[in-house]
Amino acid sequence: MSDLLAQLNPQQVAAVTLPPQHALILAGAGSGKTRVLTTRIAWLISTGQASPHAVLAVTFTNKAAKEMLTRLSAMLPLQFGAARGLWVGTFHGLCNRMLRLHHREAALPAAFPILDMADQLSAIKRLLKNLGVDDEKFPPRELAYFINAHKEQGIRAAQAEGYDDYTQRRIELYAEYEAQCQREGVADFAELLLRCYELLSRNEPLRRHYQARFCHILVDEFQDTNALQYRWLKLLAGVDVPAPGASLFAVGDDDQSIYAFRGAEVGNMRAFEREFRVENVIRLEQNYRSFGNILDAANALIQHNQARLGKNLWTDAGAGEPIRVFAGFSDLDEAHYVVDEARALIREGTPPRQIALLYRSNAQSRVLEHQLFTAGVPYRVHGGLRFFDRQEVKHALAYLRLIVNPDDDTAFVRVVNFPARGIGSRSFEALQGAAHRANSSLYNAAAGLPGKAGVAVGNFIRLIEALRAETQGVSLPEVIEHLIERSGLRAHYLGEKEGRERLENLDELVSAATRFLQEEDDTLVNPAEGDALSAFLAHASLEAGEHQAGEGQDAVQLMTVHAAKGLEFDAVFITGLEQGLFPHENSELERDGLEEERRLMYVAITRARQRLYLTHAQTRLLHGQTRYCLPSRFIEELPEALLQPVGHAAAPATYGNPYASGASAGRQESAGGAERAAPEAPGGFRIGQNVHHAKFGAGVIVSAEGHGADARVQVNFGKQGMKWLALAYAKLTAV
DNA sequence: CGCCTATCCTTTTTT
DNA sequence: AGGATAGGCG
């Protein structure tokens, strides 16, 4: 047990061995956060202070949960090896589990399906159609966002407030949506949390049961919790009714809060300190990941933020290399440099997988991918379509859902005519009308449907019935295998020219089911709850499936900065460091948007172990238009002593118009292809021209519109942001 | 019913 | 530009 602590520094030991009271661990990037969390659990259990049964550990991603379990099973002595009874999972996973255990009390069917985002969207579309609501006026996507945002605040339609007609109407639709979900016995992601919260808050015996059981609650990435998640934790920890021993151990880093845009509230950390009367705040500031220069840069950058709890990373690893800064003439030029440099690193012995190319938005990956592909460098792009989101997989799962629960309208709609079986929009509308009138599920209404539609739909119903009968008592992978054949899915994709990959994915789904059963068998997470079918369906909804092509391959890693959180690499390139891109221009519209962007940059910088590159381009093709860009203010916020300009030998500190000088134009040609004249802007100005404004200072003309007296130009003023100026009024001078 | 074109919309994303 | 999706036409 003492060897658990042997390799920890004093702060880490202090955190791990805190008495069971509420505690806040401010864990900086690379300070061994996950390690502290897992060691804490292992320590509690192996010292006999807690039975595994009493531990609840919450993470944000399945990946993190899995990682924690893996590390735990390595740490715990054999007698705890199985760690049975330990609850480790995501907020959604844990809520799902409670809801299934107490589905009756939660007013849900035993095998309630979980709607993922796509399902939710189609459920909303169906609702709007049924109600005859104009989906132009109420875009389903926007409505979904509205509903989810309310649920994440813990607000039901009945409690929602709206002060204008439009909001009022949306609240009515929210209520209708709630009713539809309840009728169909389904729950979307946000519903899992809200329903579970309501279950615990309304059902006192149940609440007391869990409060008494979970004496130790541990939360990872606490800065990413939203309002509802925080309230859920409060309820479970029983802050208002302190049960003896119940303690909340929260680990987080306010400087790495990058999910405010989807409802995360950093303020929860302060609220936690206050409302839980936290006496133990421990800072983990020693960084084991990066060299000094990288940390100095990160520290200097984040100090520009006002709202911080305060923390400073340090290392005893030495300064290391300077941070390389590269200015490209164009995005292509930038990509060229990045790929050349990556190749050089690989040649010198850096494993490709230890090189990360980061960017602010996904659209930026294209140029990089192209260069990598041309250069023949293996690479892997993270993000993108997830396994369980693929249409062929969703189709197969929809059949599975119908076997489990025929009243699942979402699943019904998806496959009633897929593969095509003669049920067109006509027949379907007839069915929908019948179901609406009878206030029943589509499946139920199908029985009495007259005419040609009735025959076709009847055939479909018989197919599902047959499937259910034939798969009675058959193992899960075999059920799936059988349904792929019987439904005609395989035949359909066999006949499709792009169908081969889809067929492979269907086979992979069978393997996924097999793996699921195996894991469930010896896992710590899921002691048999309900039947395998619905458990697998929940798994498919909650776990997107990180199965991606080329996973095992040693390749350069491409991803957004968001996706890079929690990872580390020997060499990191932060690309597209330009005003308007990173920080993103849309962040100006958001409250504290710039500070969140800066935290994002902080996350990006702290991913690097040895070498860090910051690159930007003067010209970038965006939305099919050339944009003229100034270097990101985040570069200027770093101490110059840490930076080393590289590339194009004499890259100037302040960047001129690439079209203005002959030398640049020549390079432009070689990098970007055909030479073009700079596009005209009205009033004698040119796009890309450097200008000066009395109030905003130096800027670059980015685009223009209108003629004569109406002429306006868009100017990028760097720190001052992007402005539209009417040439007739603005006092612009050419520089 | 299915294929084709027109139109829309592009920050980040997990569950 | 580019891709995804929706609606219209054959």
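Naming convention: chains lettered A, B, ... in sequence-line order (proteins, then strands); numbering from 1 in each chain.
For A/R598, the side chain to side chain donor-acceptor pair (under 3.5 Å) partners two or more places apart in sequence, or in a different chain, are A/N305, A/E637. Partners of A/D119 by side chain to side chain donor-acceptor pair (under 3.5 Å), not counting sequence neighbours, listed by chain and number: A/K394, A/R401. Taking the side chain to side chain donor-acceptor pair (under 3.5 Å) definition, one finds that A/T606 meets it with nothing, sequence neighbours left out. Scanning for side-chain contact (heavy atoms from CB on, under 4.5 Å) contacts around A/L567 gives A/K63, A/M559, A/F569, with sequence neighbours left out. Evaluation of the side chain to side chain donor-acceptor pair (under 3.5 Å) rule for A/D253 yields A/Q256, A/K311 as partners, not counting sequence neighbours.
Regarding A/D220, its CG atom lies at a distance of 14 Å from the C1' atom of B/dT14, rounded to whole Å. One can place CG of A/L621 at 7 Å from C1' of C/dA1, the figure rounded to the nearest angstrom. Summarising the geometry, the separation between CG on A/L193 and C1' on B/dT14 is reported as 11 Å, rounded to the nearest angstrom. Counting to the nearest Å, the C1' atom of C/dG2 and the CD atom of A/E369 are 13 Å from each other. Summarising the geometry, the separation between CZ on A/R599 and P on B/dT13 is reported as 17 Å, rounded to the nearest angstrom. Put simply, CG on A/L192 is 13 Å from C1' on B/dT14, counting in whole angstrom units. The interatomic distance linking A/D119 (CG) with B/dT14 (P) rounds to 17 Å, in whole Å. Counting to the nearest Å, the C1' atom of C/dA1 and the CD atom of A/Q625 are 10 Å from each other.
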Treating primed atoms plus P, OP1 and OP2 as sugar-phosphate and everything else as base, which nucleotides of nucleotides 5-10 of chain C get B, S or - for protein heavy atoms under 4.0 Å?
-S----
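Neither OP1 nor OP2 of B/dT13 sits under 4.0 Å from any side-chain N or O of A/R386.
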Pairs under 3.5 angstrom, nitrogen or oxygen only, protein versus nucleotides 2-12 of chain B, please.
from	atom 1	to	atom 2	distance (Å)
B/dT11	OP1	A/N586	ND2	3.4
B/dT11	O4'	A/H584	NE2	3.3
B/dT11	O2	A/R360	NH1	2.8
B/dT11	O2	A/R360	NH2	2.5
B/dT11	O4	A/E590	OE2	2.5
B/dT12	OP1	A/N362	N	2.8
B/dT12	OP1	A/N362	ND2	3.3
B/dT12	O4'	A/R360	NH2	3.0
B/dT12	N1	A/R360	NH2	3.4
B/dT12	O2	A/R360	NH2	2.4

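In this structure, A/L589 reaches neither bases nor backbone, as no heavy-atom distance under 4.0 Å exists between it and the strands shown. No engagement by A/D116 is indicated, since no non-hydrogen atom pair under 4.0 Å with the nucleic acid exists.
A donor and an acceptor atom, one from each side chain of A/N505 and A/Y493, are nowhere located under 3.5 Å apart.
Here salt bridge (Lys or Arg N to Asp or Glu O under 4.0 Å) pairs that include residues 138-148 of chain A, with residues two or more places apart or in two chains, are A/E142-A/R170. Applying the salt bridge (Lys or Arg N to Asp or Glu O under 4.0 Å) test to pairs two or more places apart or on separate chains, those with a residue in residues 356-369 of chain A are A/R360-A/E597.
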Test side-chain hydrogen bond (donor to acceptor under 3.5 Å, both in side chains) applied to A/N148 and A/Q120, step by step:
CA-CA 10 Å; A/N148 291 338; A/Q120 185 186 30; 2.8 Å; yes
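Taking atom P in both C/dT5 and B/dT12, the straight-line distance is 16 Å, to the nearest Å.
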